[in-house]
Amino acid sequence: MHPERWVQVRPEGLYVVPGDFYVDPVRPVDRAVITHGHSDHCRGGHGAMLATEATLAIAAARLGEGMAPSRQAAAYGETIRVGEVDVTLYPAGHVLGSAQVLMEHQGGRIVVSGDYKRRADPTCTGFEPVPCDVFVTEATFGLPVFRHPPIEEELRRLLHSIELFPERCHVVGAYTLGKAQRLIVELRRAGWDRPIYVHGALAAMNELYRGFGVELGELRPATAGAKGEPRRELEGAVVIAPPSAIADRWARRLPDPVICQASGWMRVKQRAKQGGIELPLVISDHADWDELLQTLDEVGAPRVWITHGREEALQYAARKRGYGAEALRLVGYDEEGS
Amino acid sequence: MKPFSELLDRLLYAPARTSKLALLEDYFRSVPDPDRGFGLAAIAGTLSLRVAKSGVIRELVAERTDPELFHWSYDFVGDLAETAALMWPEQQAGRDWPHLSEVVVAMDELPRGQLTRQIASWLDTLDATGRWALLKLATGSLRVGASAGLARAALARYGGVEPALVEEAWYATAPPYLDLFAWLDGRMPRPEIAHVPVFRPLMLAHPLDDEQASKLDLAEYSAEWKWDGIRVQVVAVRGHVRLYSRTGDDVGPAFPEVVERVRFEGVLDGELLVAREGEVASFNDLQQRLNRKAVTPAMLQDYPALVRLYDILFDGEEDLRGLPFLERRERLEAFVARERPEGMDLSPLIPDTGLDELDRMRRSAREGGTVEGLMLKRKDSLYVPGRPKGLWWKWKRDAHLVDCVLMYAQRGHGKRSSYYSDYTFGAWQDGPDGEELVPVGKAYAGYTDEELKLLDRWIRDHTIERFGPVRAVEPRLVFEVAFDSIHPSSRHKSGVAMRFPRIARIRWDKPAAEADRLATLVDLMG
Ligand SMILES: [Zn+2]
Ligand SMILES: [Zn+2]
């Protein structure tokens with residue numbers, strides 16, 4: 001049966017007809033399969049939610065325990081029957097708990113990637129290519145200008161900058177879920193064993209990651225201490241905060257902060273300059289251009305549906321490689337990629 | 001190339017001067033000769049490379065990338081060199097980066113055809129930042145918000161010496177500045193400048209407002225006219241003569257008659273003017289001589305140059321900068337009496353008088369005339385390079401204000417390149433179809449970052465046409481424009497040219513129809 005017949009684009013999101021459920025719906029629905037805990041993919045108000053255990057925990061931490069009356073956890077690789085569809089979650093390598101959704105129905109296989117990356121990330125399970133007939137891929141960095149350098153290289157630049165400005169504080173903007181914890185763990189691997197200071201908005205996710213066995217080392221709150229007085233102990237320190245906080249009055253209370261941002265967008269100078277970033281760090285939890293194409297080849301699906309991001313370039317490149325590529329006009333996802 | 005490209009990248013984003021200084025200092029400390037000297041030259045703008053046209057980038061991109069993908073990418077990134085740098089197919093790691101000195105030398109020596117190939121093979125060894133730096137360097141479009149002055153300040157910090165010492169030595173050395181670094185590293189004495197016509201950093205004045213003026217103890221100050229020309233430093237050492245502008249550029253080639261007539265040895269400070277039989281002409285006349293490549297006999301005849309002297313730094317080899325102003329003034333008068341320099345005269349001192357009289361004189365400085373106000377110099381001020389506090393003041397006549405209408409906006413450079421920050425504004429005149437705007441000036445300073453953002457938004461919302469980086473906007477927004485003076489100009493359609501126009505206020509409230517007419521501006525020329 002043709003995949004178009006049993007998967008539809010609706011205002012609520014991607015609807016799977018024979019299973020009567022949505023994948024990452026943007027509006028409240030009866031049954032939802034959720035790829036990962038980022039707010040544009042995982043919203044509250046659904047009747048039933050199927051996701052990995054970590055994603056459910058993240059959802060509960062973010063949205064409250066009442067976010068969905070019925071919750072079902074699936075392990076990676078475990079097949080669960082939903083209506084007339086067999087659903088299996090596979091690791092997507094994006095953030096803790098992130099999954100691709102394999103849906104099998106009458107011999108047809110569709111995989112929805114959710115957000116994914118291909119680089120090793122010590123805080124989550126790595127992406128696994130799953131053979132299928134239709135691969136629904138994200139395209140956040142769907143332009144050939146996006147190629148993420150090795151994270152070690154970016155952290156080297158950060159550590160060098162700390163050496164160069166020992167009296168200043170380096171405050172790094174990083175998404176609360178995933179990026180922040182990955183950054184902390186990678187900093188530890190790069191030898192940074194001093195306490196890392198974190199914005200209050202990060203505390204819950206840090207604790208949750210720790211609960212899933214991710215070692216973060218010593219973290220201290222960045223905001224404690226006398227109001228309005230920059231804290232001496234933050235001189236030469238690394239502070240991690242949500243991207244919204246680094247341009248805010250909050251960051252100005254830190255001692256002469258070097259404003260850094262960890263994001264794939266930092267590759268484009270104009271983006272960094274517009275954000276008032278002094279040290280852009282090209283660190284992303286999404287696949288870059290080369291990896292998007294590499295993934296299409298590894299998955300080998302004859303048909304590719306492209307969701308949020310820069311669809312046209314990826315569609316063009318996928319077609320040149322012989323895939324039947326279409327842009328799926330799904331609305332409601334954060335084009336900026338969280 | 002790697003440390004250089006990382007330095008450029010960080011300078012581009014560093015907002016504070018102190019950060020830039022630290023970055024440069026770190027570069028000088030960690031990079032060996034001669035690379036660091038070439039890096040320094042690239043940043044200071046003293047590296048005169050044969051540059052490639054941006055067509056070379058397009059050529060390379062066409063060979064290595066898909067045109068459709070390039071189109072989308074360029075559209076997204078907005079900068080040709082950066083787009084090419086980002087999407088250039090990445091090679092396997094492990095190949096050696098070229099040294100900056102290799103790049104500089106090759107760019108100078110390779111024939112054009114080979115240069116393009118060479119650039120491609122360098123690109124294959126670099127990372128994205130390296131490719132960006134290389135393409136910017138190769139196309140001569142390196143703009144990272146660092147000036148020669150900043151680079152010299154960083155050198156002074158690096159060597160732990162007085163900035164003025166570096167400033168002087170700077171003009172006695174050349175890229176890759178091996179002797180300069182040898183001195184700063186303590187391996188050699190300072191490069192010899194006694195026999196070289198080097199630029200001596202200028203002493204500059206602070207602007208004075210009426211309130212500050214009323215608080216000055218006038219008995220401590222000597223007053224003179226502030227001439228409306230360009231500040232020059234005449235340096236004559238062992239038969240070498242230079243005419244330096246206030247930024248240290250040699251403007252001598254544009255004023256050969258001044259240079260040729262120098263017979264003395266010394267360093268003098270004065271104002272370059274156009275004067276006919278001792279009668280100083282307006283700045284507009286001087287304008288005819290500036291920025292001209294070739295000097296014609298007719299220009300020499302019609303716009304003869306004069307240097308009006310007001311200070312002396314060296315008499316022969318004797319350094320007078322440690323003397324108080326009044327003593328230097330005596331030495332200057334003696335110098336002029338002795339040498340009788342041709343094509344130069346003395347700027348007279350204004351006899352000591354009260355504040356009210358000085359204020360009256362300042363205000364009487366006429367539009368289209370030859371003075372812009374008064375200079376007040378402390379009688380005991382030594383010649384201190386830079387802008388020391390409280391020693392020299394410039395007390396300008398009041399600026400003029402007119403209301404003009406925004407016509408075109410252009411993207412800025414550097415820090416402001418993401419905003420429409422350069423503005424062309426016009427005044428009303430009668431046209432064949434009724435009232436029409438004629439452009440009267442351009443300004444890109446005088447507003448806060450907040451205003452800049454608001455303006456940028458307004459411009460994007462009111463664009464009626466786009467030509468490359470320029471947008472034509474609906475004639476609806478009024479600027480209150482301040483300027484120092486206005487002159488007739490045949491190069492402008494309006495027939496007038498403003499000096500130092502800046503946007504004093506944005507009149508969001510004012511209807512465009514109520515802005516000024518060209519005739520009002522013409523009247524101001526007096
Ligand atoms: Zn997403
Ligand atoms: Zn995500």
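Here is how names work: the chains are called A, B, and so on, in the same order as the sequence lines, proteins then strands, and each is numbered from 1. All values below come from the heavy atoms of this structure, side chains included, with hydrogens, waters and symmetry mates left out.
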Can you give me the closest heavy-atom contact between [X] and [Y], atom names plus distance?
{"X": "A:Val145", "Y": "B:Ser73", "value": "CG1-CB, 3.5 Å"}
{"X": "B:Pro98", "Y": "B:Thr125", "value": "CD-OG1, 3.3 Å"}
{"X": "A:Leu292", "Y": "A:Glu138", "value": "CD2-O, 3.5 Å"}

Measure distances from [X] to the heavy atoms of chain A and classify the residue's part below 4.5 Å as side chain, backbone, both or neither.
{"X": "B:Glu25", "answer": "neither"}
{"X": "B:Asp79", "answer": "neither"}
{"X": "B:Trp88", "answer": "backbone"}
{"X": "B:Thr65", "answer": "neither"}

Exercise. Would A:His308 and A:His41 count as a close aromatic pair, with their ring centres under 6.0 Å?
Worked result: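 Yes; A:His41 has its ring centre under 6.0 Å from that of A:His308.
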Exercise. Any chance the rings of B:Tyr177 and B:Phe181 have centres within less than 6.0 Å?
Worked result: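 Ring centroids of B:Tyr177 and B:Phe181 are no less than 6.0 Å from each other.
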Any salt bridge linking [X] with [Y]? Criterion: basic side-chain nitrogen under 4.0 Å from a carboxylate oxygen.
{"X": "B:Asp9", "Y": "B:Lys2", "result": "no"}
{"X": "B:Arg64", "Y": "B:Asp124", "result": "yes"}
{"X": "A:Asp288", "Y": "A:Arg267", "result": "no"}
{"X": "A:Glu326", "Y": "A:Arg319", "result": "yes"}
{"X": "B:Asp127", "Y": "B:Arg131", "result": "no"}
{"X": "A:Arg119", "Y": "A:Asp285", "result": "no"}

Problem set entry | A:Val258, part contacting chain B, at a heavy-atom distance under 4.5 Å |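 The side chain, not the backbone.
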Exercise. Non-hydrogen atoms of chain B under 4.5 Å away: do they reach the side chain of A:Arg147, the backbone, both or neither?
Worked result: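 Contact with chain B: side chain only.
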Parallel, tilted or perpendicular, as decided by the 30° and 60° cut-offs, for the rings of [Y] and [X]:
{"X": "A:His170", "Y": "A:Phe165", "answer": "tilted"}
{"X": "A:Phe146", "Y": "A:Trp265", "answer": "perpendicular"}
{"X": "B:Trp72", "Y": "A:Tyr316", "answer": "perpendicular"}

For this session: Check whether any side-chain heavy atom of B:Tyr420 sits under 4.5 Å from a side-chain heavy atom of B:Thr463, and report yes or no.
Result: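 No; the side chains remain at least 4.5 Å from each other.
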Exercise. Within a strict 4.5 Å, meaning less than it, do heavy atoms of the A:Arg168 and A:Pro255 side chains meet?
Worked result: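 A:Arg168 vs A:Pro255: side chains apart.
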Exercise. Among A:Ile259, A:Leu143, A:Asp290, which residue forms the greatest number of heavy-atom pairs with chain B at distances under 4.5 Å?
Worked result: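 Sorted descending by pairs with chain B, the first entry is A:Leu143.
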Just to be sure I understand the criterion: a residue of [range] counts if one of its heavy atoms is under 4.5 Å from a heavy atom of chain B. Which ones qualify?
{"range": "residues 294-302 of chain A", "result": "none"}
{"range": "residues 148-158 of chain A", "result": "A:Glu153, A:Arg156, A:Arg157"}
{"range": "residues 182-198 of chain A", "result": "none"}

Exercise. Under a 4.5 Å heavy-atom cutoff, which of B:Ser19, B:Ala85, B:Ala128 has the most pairs with chain A?
Worked result: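 Sorted descending by pairs with chain A, the first entry is B:Ser19.
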For this session: Return the set of residues passing ring-ring contact (aromatic ring centres under 6.0 Å, His included) with A:Phe127 (not counting sequence neighbours), or none when no residue passes.
Result: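 Expected list: A:Tyr116.
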